[in-house]
Amino acid sequence: SRNEVADDIVPITPANIDELVEPIKAAGRIIIVAYGLTENKILGMGLRFGGRSVYLAAGWEKLAGIFADEKIKKVGHDLKLLGRSLSEQGIDFRGIDFDTMIAAYCLNPGKNFSRLAEVALEYLNEPIGEPNAQRAGRDLLVIEKLQNKLVDQLRAQNLDNYFSQVEIPLSTVLLEMERYGILIDRPYLQQLVNSFQDKITQLEKDIYQIAGTEFNLNSPKQLSFILFEKLQLPPQRKTKTGYSTDEEVLRKLAMVHELPARLLEYRHLQKLVSTYGVSLLNLVDSRTGRIHTTFNQAITATGRLSSSDPNLQNIPIRSEYGRQIRRAFIAPDEKLLLSADYSQIDLRVLAHLSGDEKLLKAFLNNEDIHNATARELFGEITPQQRRLAKTINFGIIYGMSPHGLAQELNIDQKSARDYIENYFSRYCGVKKYLDNCLGLARQQGYVTTILGRRRYLPEINSANGQLRQAAERIALNTPIQGTAADIIKIAMIDIARGLAGSDSHLLVQVHDELVLEVPRKEIEKVAEMVREKMTAAIKLKVPLVVDLKYGQNWAEMEKWQ
DNA sequence: CAGGCACGC
DNA sequence: GCGTGCCTG
């Protein structure tokens, strides 16, 4: 049957491409495969429409009108990537209708379906060979068959709406965000890198002097020798390969020796320079001065997005030096950055899913949730008790064990267990809900989010205690984290629609935060629209609260009302 | 390529 | 709990 498929595809010379336009329009639907997308180029492209397949080795710009036409439905595998590539060549891409990567991800987000071959193997039990001249013809038919199969399975899991109304529209929103990019203040960032680099050089000198020898500061192995053998400092913790030299360890050692203190600062600055300084500067588009990340829509097991090249979801914020990096993300003069983040969305989701009376009441009264928890658990709200309550709240969301909580709070496991027991006796709705999650997970082999997306947990009944407990934490965390992800996805689609045709743009999503670029004149209108779309994305038993900020850069922002 | 480490939510 | 990325060896 391979030959039959291979014969099915017709190579088209650039001169004849124009003749495809009318038939494609008549078909109204086109399956696309593209090869060699890596270097902002395309090596070849297969198209299938109206029951026939063609292969183009060049000349697809003549089909720009087809690609840009929203009414012509596009079917393929990772179409956002194709859209990015076409965009580099000045060709707009609209009308994403079905994506086998995203469909397969919706059905099983725990698996890697980044390549068509992996989806074909899973759902058609059909291996895909090495690329060759006939590859496109076969891939087009594979996608056609896969679509039918995946549509059936989505329907069977009642995910067809979620797929077509959330994930598919989202892929276009993400494509636009990637294409638009976020502006970088390059001279500022370069200057900042230089000044950090000077500090690093000085710290290196100091550390070598204190150690009495030069060594590679970036090597935990060499550092471990200096700290624990040469200087005879007390090791705190072991790793697989030796003694740990992580931040927690160095903090302890810093109390008895000055080298670890310097090293902490060195590591911090080195991290900022290498991850957020140099590499960020290298990724700025020289034409636009902007950074164009890639949002991965089909990577995480919980349904969150991820971001890479560069990762804009882990830009520093906590330390002062870190905030200086963040300051390099700017709006052009006539515009502002608008940041909108969900307040405590995870705990609000937990309140909704569990129906716990105390948690619901705290949010309905718009209380500070960590204060409310502190009052409930300890009867008082000292800063210390609030911190404790906050850590416990985080622990609940992460399905944290007594062991994990003990480590986080630096207390013994017995005390940690007491805290957790106390929490569950006060918030018994939460306790019941989490127990029920575990029961369902064990019985069904999966857990679900509010929109019905599943995450399978093959290890949930494992005889291996470590694996089983890890699966149990996942079972507790995924419905919460995954539901929060569902909610912000809906909000993004609604906001993008609200912005259509305007000069305001979504730029970045950071799990519970959206960053937009907005003309100064529109800031009030857009801020209110964003708040409205985010709070109304989904109706929960508690209100969704959104905090808005605006400013010329991503670090220095003022509250919006 | 795995491990250690560190940045974010 | 969920990611990405730098560096070393």
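Residue numbering restarts at 1 for every chain, and letters A, B, ... go by the order of the sequence lines.
Comparing atom distances between the A:Pro316 side chain and each of B:dG8, C:dT4, C:dC7 picks out B:dG8 as nearest. Nearest to the side-chain atoms of A:Gln481 among the listed nucleotides B:dA6, C:dG1, B:dG3 stands C:dG1. Considering only the side chain of A:Ser244, B:dC5 comes nearest among B:dC5, B:dC9, C:dT4. Which of C:dG3, B:dG4, C:dC2 sits closest to the side chain of A:Ser306 comes down to C:dG3. Listed nucleotides C:dT4, C:dG9, B:dC9 differ in distance to A:Ser308; the shortest reach to its side chain belongs to C:dT4. Residue A:Asn314 has its side chain nearest to B:dC7 when only B:dC9, B:dC7, C:dG9 are considered. Proximity note for A:Lys271 (side chain, C-beta onward) versus B:dA6, B:dG3, C:dG3: the nearest is B:dA6. Listed nucleotides: C:dG9, C:dC6, B:dG4. Nearest to the side chain of A:Pro220: B:dG4. The listed nucleotides are C:dT4, B:dC5, C:dG1; the one nearest the side chain of A:Tyr398 is C:dG1.
Phosphate proximity of C:dC2 to A:Asn477: absent, as no side-chain N or O sits under 4.0 Å from OP1 or OP2. Look at A:Thr239 and you'll find a side-chain N or O under 4.0 angstrom from OP1 or OP2 of B:dG4. A sub-4.0 Å separation between OP1 or OP2 of B:dG4 and a side-chain N or O of A:Arg267 is absent. Under 4.0 angstrom from either OP1 or OP2 of B:dC7 there lies no side-chain N or O belonging to A:Arg318. An OP1 or OP2 oxygen of C:dG1 is reached within less than 4.0 angstrom by no side-chain nitrogen or oxygen of A:Thr478. For B:dG4, one of the phosphate oxygens OP1 or OP2 lies less than 4.0 angstrom from a side-chain nitrogen or oxygen of A:Thr241. Close to C:dG1, at under 4.0 Å from its OP1 or OP2, lies a side-chain N or O of A:Arg473. Contact between the side-chain N/O atoms of A:Thr245 and the OP1/OP2 oxygens of B:dC5 is found at a separation under 4.0 Å. Regarding contacts with the backbone of B:dA6, every side-chain N or O of A:Thr275 stays at 4.0 angstrom or more from both OP1 and OP2. Within the structure, a side-chain polar atom (N or O) of A:His268 is placed less than 4.0 Å from OP1 or OP2 of B:dC7.
Residue A:Phe215 contributes atom CZ, which lies 13 Å from atom P of C:dT8 at whole-angstrom precision. In this structure, A:Gln222 places its CD atom 20 Å from P of B:dG3, rounding to the nearest Å. A straight line from CG of A:Asn296 to P of C:dC2 spans 17 Å, rounded to a whole angstrom. What separates CZ of A:Arg237 from P of B:dG3 is a distance of 17 Å, to the nearest Å. Rounded to whole Å, the distance from NZ on A:Lys240 to P on B:dC5 is 12 Å. Between A:Tyr276 atom OH and C:dT4 atom P the separation is 13 Å, expressed in whole Å. Atom CD in A:Gln509 sits about 12 Å away from atom C1' in C:dC2, given to the nearest Å. In this structure, A:Ile345 atom CD1 and C:dG1 atom C1' are separated by 16 Å, rounded to whole Å.
Ring centroids of A:Tyr446 and A:Tyr456 are separated by less than 6.0 Å, placing the two rings close together.
Few gaps surround CD on A:Glu459; more than 12 heavy atoms of other groups in view lie less than 6.0 Å from it.
The main-chain N or O of A:Thr239 is never found under 3.5 Å from a side-chain atom of A:Ser244 such that the two would form a donor-acceptor pair. Not one N or O on the side chain of A:Tyr105 forms a donor-acceptor pair closer than 3.5 Å with the backbone of A:Thr100.
Under the 3.5 Å distance criterion, with hydrogens and angles disregarded, a donor-acceptor pair is assigned to the side chains of A:Glu513 and A:Ser339.
No N or O donor and acceptor, one from the side chain of A:Asn218 and one from the base of C:dC7, sit under 3.5 Å apart.
The aromatic rings of A:His370 and A:Phe394 lie parallel to each other, with less than 30° between the two planes, well short of the 60° mark.
A:Asp346 comes within 4.0 angstrom of no nucleic acid atom, judged by non-hydrogen atoms across all strands.
Note that A:Arg473 lies outside the cation-pi zone of A:Tyr398, set by a 6.0 Å cut-off to the ring centre and a 45° limit from the axis.
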